[in-house]
Protein chains: 2
Amino acid sequence: MSLTVVGSIAFDAVETQAGSRDRLLGGSAVHFALASSFFADTRVVGPVGDDFGEAEYTALRSRGVITDDIEHVPGGKTFFWAGRYERDVNIRHTLQTDLNVFEHFKPSLSGASAAADVVFLANIQPDLQREVREQCTAARFVALDSMNLWIDIAHESLLRTIGLVDGVILNDSELKQLTDEPNLVRAAHAVLDLGPTVVVAKQGEYGSALFTRDGYFALPAYPTTEVIDPTGAGDSFAGGFMGCVAANPDEEVDEALLRRAMAYGTVLASFNVEAFGPERVLRLGREEIAERIADLHRSTSFDDAPIALR
Amino acid sequence: MSLTVVGSIAFDAVETQAGSRDRLLGGSAVHFALASSFFADTRVVGPVGDDFGEAEYTALRSRGVITDDIEHVPGGKTFFWAGRYERDVNIRHTLQTDLNVFEHFKPSLSGASAAADVVFLANIQPDLQREVREQCTAARFVALDSMNLWIDIAHESLLRTIGLVDGVILNDSELKQLTDEPNLVRAAHAVLDLGPTVVVAKQGEYGSALFTRDGYFALPAYPTTEVIDPTGAGDSFAGGFMGCVAANPDEEVDEALLRRAMAYGTVLASFNVEAFGPERVLRLGREEIAERIADLHRSTSFDDAPIALR
């Protein structure tokens, strides 16, 4: 019941219609871990600089995240990202990206990190993802995320890494780009043909879809009226999804468990966007998650009793 | 258990990756009626020219569509549309639009058409939709479609017409444009505030969402790998949706019935895209519809048994 995530730890500056923040705790591994912390002991592997201080460690630990494998690079600065969202929050502009200590990050896993049951390779260079994958020999389920940059400039490496994992969690546009296939169902199956048993397409405001060799499942997004800051929603989704898998160590990672994981991913992402950075997830309660799962279940149920057709 | 649709009857020329066709039976009222014909006696109200012949009437009647209210304009030509879809079928280019007899169409409803239980005002000028609406005094449920053109050039008229119907079935981008609201949930509620009790957002490859004052329901699209020609998919959706409402005349048009209607709309649209024009729906069997409803139900079900959260 242990989970390791390897990825970025960052400070984010964000402007939206709702206001702006200069310095939010962010990064894919952080958003992931705060979400997965509701389900399983989560270890974060990623680099930080001297500017990453007690307040940030305290925030992570307040949710039980294990920070022992956060690598402090003396003299370095933490990864920094600045972005602006339009009134239509689906449109985002990156204003600044300073990789800082993340530029030369070489993940080094402690024994405890490498021994995790469930491992998530957040969006980092695919060669590094592969190195991590090879260290995690005991894992029951390993999944990865990636991005358009790696699909462009490290295509072959990414395909090789995908061949070594159980699950791929990407935006639908990335799945299409990766496979040069505009039909999502075909794109997902092209990725399954590379080796994974599970492909999840994240579809932003539209929800998400789950593809296995013989299965298909899809969920709408939770109907959120107040999207304050969508940064990290995809990582929160992955955290809820992988957390749910980790929380059920005695179950086979089958269609039924994966569908539940989709629901938890959806719900965690829906909370993430309700405030800046990790603020909403940091004050989230377990009961709120359970309520929203029940809500989502109600919002997707229909009676399929037959109608007399002509 | 009678249904009337008022809208365009057309010939379409379509080019897709799968090939091309010069002269397909098309138009919103046609795609709608072929779908709804599985559920209820459907009367089509719309104009045609001299080029609309026995073959076209026969195609409609083969599905039991009642063609008595199709208005033949002597000396006229039928509405003609030509379009091309890219390899990504979500991208469509209109190559030609000849309104022909549709340009001066004034819907005139027979007694039988006006007496329908369920009425669909397909995408025509909103003043005309309102005139039709006012003739259908006995209707249990009336819904409309529209398009970006009317949202732009007949905004006030469209808002007035929306105030007189029970349901609005639009693309999600149209709902956002109509209300100048980029958040779909808010956009849908802004339309509910105009009077209707039901708003459906069609989301193309992502499925559809149903909004009522107190309810939310969403369905993914059926996972189709072979999209041959998406023309008319939205109208087939509306036909399946409204058909399901019409097929249950003794039920209140409540959340439960509307959800079933969403499923039938989704399934009819999924068949529509599998061949050029109306070809697939014309050879569709009732058992195929029932199978796909069961499939869709399986693809959207998950177990919401609680997990021990931390």
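Side chains included, hydrogens not; waters and symmetry mates left out as well; all remaining heavy atoms used. Order of the sequence lines sets the chain letters (A, B, ...), proteins ahead of strands, with each chain counted from 1.
Looking only at distances, a side-chain donor or acceptor of A:Arg259 sits under 3.5 Å from a matching main-chain atom of B:Ser301. With hydrogens and angles disregarded, a donor-acceptor distance shorter than 3.5 Å links the side chain of A:Asn183 to the backbone of B:Thr224.
Per-residue counts of heavy-atom pairs under 4.5 Å with chain B were compared for A:Asn248, A:Ile293, A:Asp88; the largest is that of A:Asp88. Options A:Leu296, A:Val185, A:Asp304 differ in how many heavy-atom pairs under 4.5 Å they form with chain B, and the most are formed by A:Asp304. Note: A:Arg87 leads A:Arg186, A:Glu205, A:Arg87 in heavy-atom pairs under 4.5 Å with chain B. In terms of heavy-atom pairs under 4.5 angstrom with chain A, the leader among B:Pro220, B:Pro223, B:Ala209, B:Ala40 is B:Pro223. The most heavy-atom pairs under 4.5 Å with chain A, out of B:Glu86, B:His297, B:Lys176, B:Arg63, come from B:His297.
If you measure heavy-atom distances from B:Ala305 to chain A, the contacts under 4.5 Å come from both the backbone and the side chain. Residue B:Ala256: no heavy atom, backbone or side chain, is found under 4.5 Å from chain A. Within the 4.5 angstrom heavy-atom criterion, only side-chain atoms of B:Leu219, from C-beta onward, approach chain A. Residue A:Asp295: no heavy atom, backbone or side chain, is found under 4.5 Å from chain B. With a 4.5 angstrom heavy-atom cutoff, B:Phe211 does not touch chain A via any of its atoms.
The shortest side-chain heavy-atom distance between A:Leu309 and B:Glu287 does not fall under the 4.5 Å cut-off. Two residues are said to be in side-chain contact when any heavy atoms from C-beta on lie closer than 4.5 Å; A:Asn90 and B:Pro182 fail this criterion.
With a 6.0 Å radius and a threshold of 12 heavy atoms from other residues, nucleotides or ligands, B:Arg84 has its CZ atom above the threshold.
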Review point. Going through the checks in order, is the side-chain contact (heavy atoms from CB on, under 4.5 Å) test met by A:Tyr206 and B:Gln203?
Key: CA-CA 8 Å; A:Tyr206 297 110; B:Gln203 302 168 315; 3.7 Å; yes
Check your understanding: Given the rule in the side-chain contact (heavy atoms from CB on, under 4.5 Å) test, do B:Phe302 and A:Thr300 qualify, once you have shown the distances and angles that lead to the verdict?
Key -> CA-CA 9 Å; B:Phe302 68 96; A:Thr300 56; 3.7 Å; yes
